[in-house]
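Positions are given from 1 along the sequence. Remember, it's 1-based here, ligands and their atoms both numbered in the order they're listed.
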Amino acid sequence: MKRATVSRLIFIILFVGLAGVVFFVPLPLHAGQQAEHRLTLEARRFAFEPAVIQVNQGERVILELESVDVTHGIYIDGYGLKAVSEPGHKARLDFVADRVGKFKYRCSMACGPLHPFMIGELIVKPNLPYWRAVALALLATVGSVVYLWHFAQSGSVTRVSPHPGRRIELTRIPLLKRLLQWRGFQPVLMLGTLFGFVLAVMTGFFGTPVGSKNFAIIFVWIVWWAVLKIVLVPLTGRLWCTVCPIPAPGEWLQRRRILVKRENKPLSLARKWPRKLDNVWLQNFGLLLVTTFSPIILTLPLASGIVLLTFIVMAVVLSLVFERRVFCRYFCPVGGFVGLYSLVSPLELRVKDAEVCRNHREKECYLGSKEGYGCPWMVKPWRLQRNAHCGLCTECLKTCPKDNVAVNLRPFGSDLLVKAGRGLGEAYNALIMLTCALLYSAIFLGPWGWLKDWAGVTSMSGRALYASVFLAINLLLVPGLFLLATALSKRLSRVRGISLKQLFISHSYSLVPMGLSLWIAFSFSFLFVSGSYALSVISDPFGWGWDLFGTRSFPWTPVLIELVPYLQVATLIAGLVFSIYIAYRIGQQHSADESQATCGEHRRTVRGLIPIAAFLAIVTIAFLRLYLG
Ligand code: SF4
Ligand code: SF4
């Protein structure tokens with residue numbers, strides 16, 4: 001083994017060992033006096049008062065729950081304690097606070113639309129898990145920068161290749177290839193998801209207004225969202241777009257067919273999409289619109305039903321006016337961020353040999369053939385270098401007569417280093433997603449009742465004020481701070497021949513792994529806490545008293561909730577380290593002269609990394625504060 005490899009291994013082992021010590025080694029704790037902490041906890045829709053309870057480890061806590069409007073319950077995470085109070089009747093919990101950390105207490109009785117977010121915090125001091133997590137984040141930041149500095153100095157960090165790592169071609173598996181080339185592959189999957197979608201719209205319109213008992217809320221915003229963020233996007237990129245039901249009716253109308261391919265005139269004016277709008281700004285706008293109103297959309301089934309129906313109607317209308325899938329490519333707010341985060345995923349569809357494409361003029365993959373349709377996403381497969389706009393519809397696998405299209409496995413994050421296609425629209429998409437994860441965590445998972453009231457307010461003036469603050473944080477404050485970090489980075493790295501705007505755009509791609517990890521961490525809170533609602537809702541999707549599968553009475557049961565903080569810390573730290581690495585590689589791309597990079601260039605690159613790493617560390621610590629602090 002080379003010396004550089006050995007020293008790298010030693011560094012990594014030391015780093016992981018130190019991280020283990022920071023996080024796991026028990027500290028001698030103050031035994032705590034057998035003091036008593038008596039308090040009355042007032043519960044009203046949708047907040048507890050006090051919202052935060054602080055006690056010392058070892059104290060006896062005598063807590064009286066008093067509901068002042070409707071029946072409320074309390075469940076304390078980590079302690080597993082429960083009580084229910086009806087208006088006028090107090091309930092009592094008596095326990096010793098023997099475990100340190102932050103434990104959410106939440107309403108355990110469905111009490112209205114914001115019920116799943118009626119949360120308070122019990123902090124048992126000293127809050128060691130939080131301080132350990134902060135120390136870990138700082139250690140990960142400093143360790144990553146030192147690692148890159150040291151190995152840059154020794155010259156053992158290699159130059160950037162636009163397509164690093166090897167590919168494993170999955171379409172070499174004959175069965176998989178046959179399946180993907182089968183015309184029914186996508187329509188059959190879409191028919192399945194379309195059934196769920198129609199049910200979600202109908203339950204949104206006609207089902208119970210109580211979110212935790214309605215299919216539209218539980219299956220769209222908890223089950224689908226968590227599966228999308230935790231599994232589908234990180235591992236398969238845009239695979240969701242393969243099965244997404246929203247474009248299905250419009251596309252089938254446009255083609256006048258569902259399963260077979262026929263050469264007939266499309267049922268569409270088949271207008272071309274204007275070049276000026278060939279970007280992601282409409283999706284950013286849609287994303288901001290939906291996220292501004294999300295406290296209402298996520299909690300009121302009717303609002304969810306209206307949004308879902310609007311999406312499908314838009315998709316149909318756009319299919320009848322424009323060629324191909326304009327809704328997916330330019331409008332769908334989900335498609336916007338799924339496309340951005342799919343840059344991280346280890347799955348890609350690419351041509352096998354660019355030379356074959358160069359010599360093949362017919363371009364059936366784009367224009368279509370009797371085997372299938374031309375790329376519905378307006379992508380020219382032979383130019384595909386990144387996942388962002390490929391909806392994995394598999395049409396080009398069917399149409400390419402040269403068998404020159406493959407589905408590959410590749411290293412995580414490969415596309416983040418591809419320069420082609422970077423733009424301000426995607427940079428803003430990365431920043432909006434990062435900021436929304438922060439704001440959602442504060443609104444939905446924080447103890448601040450006033451913030452939930454404000455976010456859910458329906459009066460025009462209140463909503464306008466909330467929207468203004470929400471948009472200002474998304475469009476000005478966080479991008480402004482990131483611009484500042486980028487300007488400092490430019491100064492420290494003394495990079496030449498690139499504008500601040502271009503550097504801002506490039507470095508924004510380092511936020512993508514972190515953004516994805518923030519959303520995964522956020523989704524853990526929902527899935528483990530509220531996932532059990534799915535069992536009762538599947539039997540009674542409208543909340544009308546049905547019991548289709550005999551599970552209607554399944555009680556709300558938080559699952560493995562004590563694991564959630566650990567999963568969140570691990571995810572956030574992994575996202576932080578990955579983002580720092582990508583920021584370094586992007587900085588390396590902008591070194592003054594890549595072809596003749598010297599040790600000095602590497603040092604300047606690492607110096608330029610420091611402000612970006614600091615920004616990433618601050619974001620991570622802000623999330624740790626919200627989840628554990
Ligand atoms: S049809 Fe096949 S070979 Fe021809 S340009 Fe498209 S991907 Fe390349
Ligand atoms: S590139 Fe191929 S798989 Fe991707 S959207 Fe276009 S036709 Fe579908």
Side-chain angles (χ1 to χ4, degrees), residues 167 169-171 176-190 232-233 236-248 250-252 254-255 257-259 261 266 272-273 278 280 283 315 318-319 322-332 334-336 338-343 345-354 356-358 360 362-410 414-415 418 420-421:
R167 273 29 181 185
E169 190 189 327
L170 295 179
T171 31
L176 180 67
K177 188 167 176 179
R178 273 214 299 282
L179 181 70
L180 297 179
Q181 288 182 331
W182 174 48
R183 276 237 59 81
F185 172 68
Q186 194 183 27
V188 165
L189 293 172
M190 280 172 150
L232 284 180
V233 174
T236 66
R238 270 202 185 268
L239 193 63
W240 166 251
C241 299
T242 310
V243 302
C244 177
I246 296 174
E251 190 165 76
W252 295 339
Q254 192 187 57
R255 293 175 175 175
R257 289 284 178 277
I258 295 181
L259 278 178
K261 164 77 173 54
K272 294 238 178 281
W273 183 249
D278 183 15
V280 296
Q283 285 171 312
L318 288 164
S319 294
F322 292 97
E323 61 166 1
R324 311 189 193 221
R325 275 200 195 187
V326 161
F327 176 81
C328 297
R329 177 73 196 262
Y330 298 110
F331 280 88
C332 179
V334 176
V338 169
L340 183 73
Y341 287 159
S342 71
L343 303 181
S345 116
L347 195 73
E348 67 174 18
L349 178 140
R350 296 289 186 274
V351 294
K352 297 178 195 171
D353 183 348
V356 173
C357 290
R358 252 193 296 282
H360 178 232
E362 287 75 9
K363 304 292 192 228
E364 288 92 335
C365 56
Y366 186 72
L367 298 171
S369 70
K370 68 178 185 358
E371 309 299 334
Y373 296 90
C375 176
W377 286 70
M378 286 158 267
V379 166
K380 294 181 171 138
W382 63 94
R383 290 194 188 148
L384 205 53
Q385 291 189 52
R386 58 212 284 277
N387 283 352
H389 303 306
C390 166
L392 290 179
C393 72
T394 67
E395 285 298 331
C396 55
L397 272 162
K398 301 171 177 70
T399 53
C400 175
K402 304 279 182 189
D403 189 22
N404 196 32
V405 179
V407 176
N408 303 317
L409 274 181
R410 57 165 195 196
S414 304
D415 284 354
V418 177

| Looking at F322 and Q254, what are the two nearest heavy atoms and their distance? | O-NE2, 3.0 Å
| field | Residue pairs fulfilling side-chain hydrogen bond (donor to acceptor under 3.5 Å, both in side chains) with at least one residue in residues 367-379, sequence neighbours excluded | value | none
| Residue list, side chain to side chain donor-acceptor pair (under 3.5 Å) with Y330, at least two apart or on another chain | D278
| message | Taking side chain to side chain contact (heavy atoms under 4.5 Å, CB included) as the criterion, tell me which of T236, N387, V233 meets it with S345. | response | N387
| query | If waters are left out, how many protein N/O/S atoms lie within less than 2.8 Å of atom 2 (Fe) of ligand 2? | reply | 1
| With sequence neighbours left out, what residues match T171 under side chain to side chain donor-acceptor pair (under 3.5 Å)? | E169
| said: As a test of understanding, state which of T399, V407, L180, V405 forms a side chain to side chain contact (heavy atoms under 4.5 Å, CB included) with T394. | reply: L180
